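Note that the structure is predicted; figures quoted are calculated from it, not measured. Lettering of chains follows the sequences in order, A, B, ..., and the numbering in each one begins at 1.
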Amino acid sequence: MTSQDIFKIGLMVLIVALSPKPASADVCVWRDPARTMSKLFPEARDYMTITRKMTPEIVSRIEKQIGTSLDESEKVEFSFYDIKAIQEGKPASAGTVLALAGKGEYGAIEIVIGINLSAEIRGIYIQRSRERANKALKSDDFLSQFVGKSAEDPLEFGKDLKTLPEAPAAAEAVRLTVKKMLIFQKELGSGGEPK
Amino acid sequence: MPARSLNLKRAFHLLSVGIYVIVLSLYPASGWAKENSKIIKHLSENLQISGGVDGRLEWKESHSVRPELAGMFLNLRKVFRDELGDRWIVSLQGDADDTFEKFRSYQSFLQYKGPLGKWNIRAGHYILPFGLLHNYDTERLIFQTAEEETLGIKLDSGVQAFGYFGDWDWNVSLSEGIGRRWFDEWDDNFLVTTRLGWNGGTWKAGISTFTGRVKTSEEFSLGEKNLEQQKVGIDWTREAGPWVIRAEGLGGLEDHQGMGGGLLLVDYALTDRFEINTKYALTGRSEIEQEAGAGFTFKLGKGWILRAGYFLNANEDEIRNEFQAQLYYDFSRHL
């Protein structure tokens with residue numbers, strides 16, 4: 001290894017040390033919104049991306065409500081998609097779409113939910129998952145139990161939800177991720193209006 | 001190349017490094033933008049900054065172990081809205097490659113998004129919509145798609161229209177056919193690229209065409225030359241639980257000579273952090289070139305990823321061994 005090679009390695013270490021932290025590598029984006037929006041909001045005419053910053057106070061409130069710590073990448077910011085429809089000839093919010101990745105056994109489980117103006121889940125689907133039990137995880141039987149739920153519901157297996165016996169860890173990842181999104185929406189606001 | 005262009009390039013390089021250093025230095029205090037003037041606040045709203053570092057250790061039979069800062073990149077993305085939604089998107093990305101030997105733009109464009117994104121128009125420097133490249137960019141991966149061997153070009157400058165109808169998506173691009181070069185190297189080249197795709201959730205497939213006179217990249221195996229190309233490709237992606245399988249096949253003419261190629265990339269997730277990656281590629285011209293590789297991706301956490309791969313490259317005369325390891329880091333957030 002030459003002195004030039006050592007310089008190159010040193011330079012790389014320096015650049016990485018200068019780079020901002022923490023990273024948001026696990027943040028989930030809403031893929032193919034135009035194609036999938038009609039699943040959640042058939043009346044949608046367009047969408048507006050809204051990003052809100054987390055603060056230590058907001059993180060603390062969210063963690064208290066979900067009963068566990070947020071991942072480092074979730075403590076930075078969160079993006080909503082404000083769904084626009086035309087009402088009485090003018091653009092108006094019809095609801096919100098949220099997307100977040102949960103930690104599955106084989107990688108991220110990307111979940112998308114649509115929330116109506118009453119802050120209840122209107123629709124849900126799994127955008128991407130590498131779990132072995134994908135069929136059960138994506139089934140209507142499992143996902144439809146989340147429809148109609150809001151941040152005020154317990155969202156607990158054994159209370160208002162049933163788990164998946166064939167994939168309890170993946171089911172728990174979905175439950176926690178949905179709960180997080182509902183609390184994010186409650187704490188950070190949506191519908192295009194700052195909280 | 002004219003001296004004026006060299007000076008311009010040098011100035012651009014220095015400016016890029018300067019911007020990168022300034023942004024990284026200021027970044028920890030990025031809240032400044034919100035507390036200053038209304039103009040800064042407006043400009044920083046919906047402004048996303050992302051970047052990364054790609055360090056590699058490469059071993060080939062022809063030379064000893066070589067560490068390299070393969071790439072460092074910084075991307076700025078700004079969305080302008082109207083009353084109905086996101087409308088204009090500006091993306092600017094600068095890459096410093098090969099341990100600062102090359103400074104150049106990556107995907108940098110202005111995009112108009114139609115209602116619901118059902119149709120879009122993009123002008124600038126972008127990845128060509130051909131085959132797997134359309135929605136799988138392997139620039140910062142060890143196991144890469146086959147455009148280096150099959151097309152000799154990956155990004156180009158031009159105008160692109162794309163959109164969706166139901167489960168179908170379409171894409172048409174008219175571009176200069178000179179890749180990542182500056183406009184002053186344009187030599188009456190042109191390139192028309194199209195792709196029609198179908199997205200069935202865990203299944204994706206597409207058919208692409210590639211027609212024009214292209215100045216291929218000196219970095220790719222084809223070498224630098226103007227090449228008349230007419231090619232058709234098909235691509236297929238399947239996500240099945242822990243498996244992700246991507247395949248591509250293409251065939252056509254290069255200066256009236258036939259060619260063909262195929263690519264298979266198979267990934268398998270063993271855990272949430274560890275994935276096995278494999279590749280097989282075949283390109284046929286006057287002789288057949290093959291590449292087979294296997295390796296892994298390990299997520300270290302906090303944006304850090306370790307990748308490694310061992311490759312066998314073979315033609316009719318020889319078999320070459322190659323090993324690559326990569327330490328990769330990236331970040332992304334809004335100001």
Of all heavy-atom pairs linking Ala269(B) and Arg132(A), the shortest is O-NH1, 4.4 Å
### Query
Any donor-acceptor pair under 3.5 Å linking the side chain of Glu239(B) with the backbone of Arg128(A)?
no
Taking the side chain as every heavy atom from C-beta outward, state whether Arg333(B) and Lys53(A) have any atom pair closer than 4.5 Å.
yes
Check this for me: Arg140(B), atom CZ, are more than 12 non-hydrogen atoms of other residues, nucleotides or ligands nearer than 6.0 Å? yes
If you tally heavy-atom pairs under 4.5 Å between each of Gly301(B), Gly117(B), Pro242(B), Gly166(B) and chain A, the highest tally belongs to Pro242(B)
Here the gap from Lys204(B) atom NZ to Asp32(A) atom CG, rounded to the nearest 0.5 Å, amounts to 7.0 Å
To the nearest 0.5 Å, atom CZ of Arg130(A) lies from atom CG of Asp267(B) at 6.0 Å
Cut-off 4.5 Å, heavy atoms of chain A, and the answer for Asp169(B) is neither
For Asp272(B) and Gly104(A), the nearest pair of non-hydrogen atoms, with its separation, is CB-O, 3.3 Å
Okay, Glu83(B) and chain A: the region with an atom under 4.5 Å from a heavy atom over there is both
When the 4.5 angstrom heavy-atom criterion is applied to Asp82(B) and chain A, the contacting part is backbone
Per-residue tally against chain B (heavy atom, under 4.5 Å) across Lys135(A), Lys90(A), Glu131(A) peaks at Glu131(A)
Closest heavy-atom pair, Pro91(A) versus Leu84(B), reported as atoms and distance to 0.1 Å, is CB-CD1, 3.6 Å
Whatever's closer than 4.5 Å to a heavy atom in chain B on Ser129(A) counts as backbone
Interface check, chain A: of Val244(B), Val79(B), Ile305(B), most non-hydrogen pairs under 4.5 Å belong to Val244(B)
Distance col, row Tyr106(A):OH vs Trp243(B):CH2, nearest 0.5 angstrom, shows 12.5 Å
Turns out that what part of Arg87(B) lies under 4.5 Å from chain A's heavy atoms comes down to side chain
Cut-off 4.5 Å, heavy atoms of chain B, and the answer for Ile86(A) is side chain
d(Ile126(A) CD1, Thr202(B) OG1) to nearest 0.5 Å is 12.5 Å
Honestly, the part of Ser79(A) sitting under 4.5 Å from a heavy atom of chain B is side chain
Distance col, row Arg81(B):CZ vs Ile50(A):CD1, nearest 0.5 angstrom, shows 5.5 Å
Okay, Tyr268(B) and chain A: the region with an atom under 4.5 Å from a heavy atom over there is both
Rounded to the nearest 0.5 Å, the CZ atom of Phe41(A) sits from the CG atom of Leu116(B) at a distance of 12.5 Å
